[in-house]
Visitor: 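Quick one: the structure is below, and I'll ask about it shortly.
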Amino acid sequence: MPGEEIIRLIVDHIAPRKQAKKISVGVLATGNGSNLQALIDFSKRAECSFEICSVISNNPESRALTRANGEGIPNYLVDHRRYGSKQEFEAKLVTYLANDGVELVVLAGFLRVLSQVFLRQFTNRVINLHPSLLPKHPGLNAIETALIADDAESGCTVHLVDQGLDTGPIIEQRSCAIISGDELETLTMRIRKLEHDLLPSVVNRIAKMVATRDFA
Ligand code: GRF
């Protein structure tokens with residue numbers, strides 16, 4: 001399915017609205033949260049049709065929480081280690097996201113695999129960012145793996161989340177060359193730059209299509 005069709009599928013699962021309003025996005029992140037920051041920065045632009053209304057991290061050290069806090073965005077620590085089961089952990093995620101009225105869930109460096117139980121609460125409304133040209137190099141350490149494989153190019157992917165690990169239908173990708181002498185740090189920086197452009201752009205494409213559907 002080409003990206004445009006996946007976006008249409010996502011939009012079809014976002015409830016119609018009666019008044020002009022930006023779509024409400026919830027972001028799940030584990031680490032530095034630079035992609036959350038890119039979404040926050042984009043959300044301040046005039047052309048932006050989404051707002052970040054909820055941020056959750058499973059990691060007490062995550063900068064995603066401090067970034068959200070600094071912006072006055074509701075944010076929550078849901079540390080998976082404090083829950084007896086995956087189900088309880090995910091139930092807490094769902095509670096916060098639902099309370100904040102989240103319509104689209106964005107996994108921006110969220111290092112937990114979500115089960116069907118979670119995904120069923122947000123059917124076709126969860127997207128993920130991954131630092132490789134999927135289907136190449138799913139899972140952890142994707143950038144390192146591309147270097148070890150001696151690939152000529154790398155990049156990033158935004159895809160719809162299904163029950164597999166980075167297997168859902170691809171919405172959009174950005175690519176870059178792997179340059180001779182590249183190390184993990186240099187290639188990571190190049191890919192991050194692409195990610196910071198790609199992720200807000202995809203979320204805004206979804207948001208704009210919702211606005212067009214409801215208010216064209
Ligand atoms: C990104 O490379 C993303 O593709 C991957 O985790 C990283 C998160 O980076 N899933 P940051 O926390 O947004 O800086």
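Atoms within a ligand are numbered from 1 in the order they appear, just like the ligands themselves. These numbers come from the heavy atoms of this one structure, side chains and all, not from hydrogens, waters or symmetry mates. Position 1 is the first residue of the sequence; numbering continues from there. Computed from a prediction, not measured in an experiment: that's the story for all the values here.
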Visitor: Under a 3.5 Å distance rule, please check whether R213 uses its side chain to pair with a backbone N or O of R8 as donor and acceptor.
Guide: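 Side chain of R213 to backbone of R8, a donor-acceptor pair under 3.5 Å: no, none is there.
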
Visitor: What protein heavy atom lies closest to atom 12 (O) of ligand 1? Include the residue and the distance to one decimal.
Guide: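 It is G33 N, 2.8 Å.
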
Visitor: Are I40 and F42 in one and the same hydrophobic cluster, where Ile, Leu, Val, Met, Phe, Trp and Tyr link if side-chain heavy atoms are under 4.5 Å apart?
Guide: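 Yes; tracing contacts between hydrophobic side chains, which count when under 4.5 Å, links both residues.
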
Visitor: Scan side-chain atoms only and decide if T30 and N59 contain a donor-acceptor pair under the 3.5 Å cut-off.
Guide: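 N59 and T30 do not have a side-chain donor-acceptor pair below 3.5 Å.
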
Visitor: Can you tell me the protein heavy atom closest to atom 10 (N) of ligand 1 and the distance?
Guide: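 The closest one turns out to be L129 O, 3.0 Å.
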
Visitor: What are the atoms of ligand 1, with element, lying closer than 4.0 Å to any heavy atom of H130?
Guide: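 Near H130, the atoms of ligand 1 are 4 (O).
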
Visitor: What are the atoms of ligand 1, with element, lying closer than 4.0 Å to any heavy atom of P131?
Guide: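 Every atom of ligand 1 under 4.0 Å from some heavy atom of P131: 2 (O), 4 (O), 5 (C).
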
Visitor: Is there a donor-acceptor pair closer than 3.5 Å between any side-chain N or O of S154 and the backbone N or O of S132?
Guide: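 Not confirmed, S154 side chain does not pair with S132 backbone.
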
Visitor: Give the residue, atom name and distance (to 0.1 Å) of the protein heavy atom nearest atom 3 (C) of ligand 1.
Guide: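 Scanning the protein heavy atoms, the shortest distance from atom 3 (C) of ligand 1 goes to E195 OE2, 3.4 Å.
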
Visitor: Would you mind running through ligand 1 and noting each atom that sits below 4.0 Å from a heavy atom of N32?
Guide: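 Counting from 1, the qualifying ligand atoms are 12 (O), 14 (O).
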
Visitor: Where on R192 is there a heavy atom closer than 4.0 Å to ligand 1, on the side chain, on the backbone, on both, or on neither?
Guide: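 Just the side chain.
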
Visitor: Is it the case that ligand 1 has an N or O less than 3.5 angstrom from some N or O of N35?
Guide: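 It does: an N or O of N35 is found under 3.5 Å from an N or O of ligand 1.
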
Visitor: Which residue and atom name correspond to the protein heavy atom nearest atom 8 (C) of ligand 1, and how close is it?
Guide: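 It is G109 CA, 3.6 Å.
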
Visitor: Looking at N35, T157, V158, which hits side chain to side chain contact (heavy atoms under 4.5 Å, CB included) with E195?
Guide: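 So the option named by the test is N35.
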
Visitor: Can you confirm whether K86 is buried at NZ, in the sense that more than 12 heavy atoms of other residues, nucleotides or ligands lie under 6.0 Å from that atom?
Guide: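 Atom NZ in K86 is crowded, with more than 12 foreign heavy atoms closer than 6.0 Å.
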
Visitor: Does D166 reach the main-chain N or O of G139 with its side chain, forming a donor-acceptor pair under 3.5 Å?
Guide: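 Present.
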
Visitor: Of the protein's non-hydrogen atoms, which lies at the shortest distance from atom 14 (O) of ligand 1, and what is that distance?
Guide: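 Residue, atom and distance for the closest contact: S34 OG, 2.5 Å.
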
